[in-house]
Amino acid sequence: MVSGLRPSDSLVFGYALVGVVALFFGIAPTFAKLAFDGGAGPVTIQFGRFLLAAAVLWSIALVRQLPMAVTAGQMLRLAGLIATTAGASFGYMTSVRYIPVPLASLIFFVFPLMVEPLSHIAGQERLTPLRVAALVVGFAGLTLVLGPDLGQAEPIGLALAFGAGSCVAVSFLLTRRLATELRAVSLTALVTTGCTVVFAVGVLAIEGLRLPTGASGWLGFAVNVGCYVVGLSSLYAAIARLGSVRVAVVVNMEPVISVATAWLILGQVLGPWQMVGAAIVISGILLLQAERLRPPNG
């Protein structure tokens with residue numbers, strides 16, 4: 001808790017931070033689209049995101065004198081987390097080059113539903129009837145979202161968005177043990193540093209440094225990179241005050257913000273049945289997390 005804050009003040013501040021997380025992560029895909037339209041390369045955008053994030057997180061870790069050592073046994077899991085984090089960020093942001101932002105956002109945000117069966121297979125958690133019901137509801141909503149656009153949407157965009165969500169789901173399994181062994185800021189600093197190296201190699205070997213041109217392109221690039229840094233920093237600050245479960249429930253407003261931002265800035269809208277499907281997807285995710293909010297004896 002921050003010194004000088006009463007418990008109620010800390011909760012209010014924690015929820016305010018969650019709002020910042022949802023807002024900045026929610027608007028990021030729309031500004032990625034602006035950056036792409038301005039000529040920015042997908043690998044260059046990722047390099048910028050992770051380079052700035054790593055610089056901020058290492059600064060925090062050094063100021064707080066946090067331990068950064070990693071054991072040999074943790075290295076393999078850390079490498080997997082770096083790979084899935086890089087894949088999730090690249091897939092989600094790049095998908096908006098090919099499909100509308102609202103569609104990409106809603107496909108990506110089924111990752112909480114993917115975590116449950118993966119956790120069950122890995123033996124970490126069992127599937128309860130409520131969780132199975134939530135999965136059915138969530139994926140039923142996704143079929144409504146995809147229905148009108150599935151024939152017209154570019155397959156690569158759909159694959160990138162779904163692949164990004166899958167990467168996040170796998171990263172959750174990898175993070176659970178590492179998060180108990182390493183400080184959150186230390187872990188994230190190491191992961192973002194690894195991702196920076198991955199995309200630096202990509203810039204040098206594949207794409208070259210493809211920066212945007214024009215005011216709107218640079219605006220999209222700068223805001224997208226800045227959103228990741230602000231959103232990530234606020235996320236861990238919010239978890240410290242509220243806990244991961246409450247943060248996860250509230251941050252589900254992120255796809256709503258993504259849809260609204262794409263409408264306001266890009267003019268991209270969902271059809272009526274897709275809006276119904278979006279509401280059903282979010283309801284399924286909330287239903288899934290409602291069980292986690294119940295007390296053990298509830």
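- Annotation: side chain of Leu187 is in contact with side chain of Leu81 (closest heavy-atom distance under 4.5 Å).
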For Leu57 and Thr193, run side-chain contact (heavy atoms from CB on, under 4.5 Å): C-alpha distance rounded to whole Å, both residues' side-chain angles, the deciding distance at 0.1 Å, then the answer.
-> CA-CA 9 Å; Leu57 288 162; Thr193 300; over 6 Å; no
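- Residue Ile156 is grouped with residue Val101 when hydrophobic side chains (ILVMFWY) are merged at heavy-atom distances under 4.5 angstrom, including chains of intermediate members.
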Pair Cys227-Ile27, side-chain contact (heavy atoms from CB on, under 4.5 Å): steps then yes or no = CA-CA 8 Å; Cys227 280; Ile27 68 176; 3.5 Å; yes
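- Considering only heavy atoms from C-beta on, Leu78 comes within 4.5 Å of Val70 through its side chain.
- Within 6.0 Å of atom CE in Met275, 12 or fewer heavy atoms from other residues, nucleotides or ligands are found, so the atom counts as exposed in its surroundings.
- Few gaps surround CZ on Phe36; more than 12 heavy atoms of other groups in view lie less than 6.0 Å from it.
- Of all heavy-atom pairs between Gly231 and Val21, the closest is O-CG2, 3.6 Å.
- Atom CG in Leu190 sits 8.0 Å away from atom OG1 in Thr192 (nearest 0.5 Å).
- The OG1 atom of Thr30 sits 10.0 Å away from atom CG of Asn224, with the distance rounded to the nearest 0.5 Å.
- Closest approach of Trp58 and Ala189 over heavy atoms only: NE1-O, 3.5 Å.
- In this structure, Ile265 and Leu34 have side chains that are in contact, with non-hydrogen atoms separated by less than 4.5 Å.
- Environment of CH2 in Trp218: crowded, with over 12 heavy atoms of neighbouring residues, nucleotides or ligands closer than 6.0 Å.
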For Thr94 and Ile45, run side-chain contact (heavy atoms from CB on, under 4.5 Å): C-alpha distance rounded to whole Å, both residues' side-chain angles, the deciding distance at 0.1 Å, then the answer.
-> CA-CA 9 Å; Thr94 308; Ile45 289 178; over 6 Å; no
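- In this structure, CD1 on Ile82 lies 6.0 Å from SG on Cys195, to the nearest 0.5 angstrom.
- Residues Phe90 and Phe199 meet the side-chain proximity criterion, which asks for heavy atoms closer than 4.5 Å.
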Full working for side-chain contact (heavy atoms from CB on, under 4.5 Å) between Gln46 and Glu207 | CA-CA 12 Å; Gln46 297 304 318; Glu207 183 176 276; over 6 Å; no
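- One hydrophobic cluster holds both Met75 and Met68 under the rule that ILVMFWY side chains link at heavy-atom gaps under 4.5 Å.
- Rounded to the nearest 0.5 Å, atoms CZ (Phe47) and CG (Leu52) are 11.0 Å apart.
- Across all their heavy atoms, Gly220 and Ala35 have their closest contact at C-CB, 3.8 Å.
- Looking at Pro29 and Met93, their side chains come closer than 4.5 Å, going by heavy atoms from C-beta outward.
- Atom-to-atom distance recorded for Lys33:NZ and Ile99:CD1 is 10.5 Å, nearest 0.5 angstrom.
- Pairing each heavy atom of Ala104 with each of Val96, the nearest pair is CB-CG1, 4.0 Å.
- Across all non-hydrogen atoms, the minimal contact from Gly208 to Thr44 is O-OG1, 3.4 Å.
- For Tyr228 and Phe50, the ring centers sit closer than 6.0 Å to each other.
- Within 6.0 Å of CZ on Arg183 lie no more than 12 heavy atoms contributed by other residues, nucleotides or ligands.
- Across every non-hydrogen atom of Val56 and Val229, the tightest pair is CG2-CG1, 3.7 Å.
- Contact check for Ser105 versus Tyr92: side-chain heavy atoms found under the 4.5 Å cut-off.
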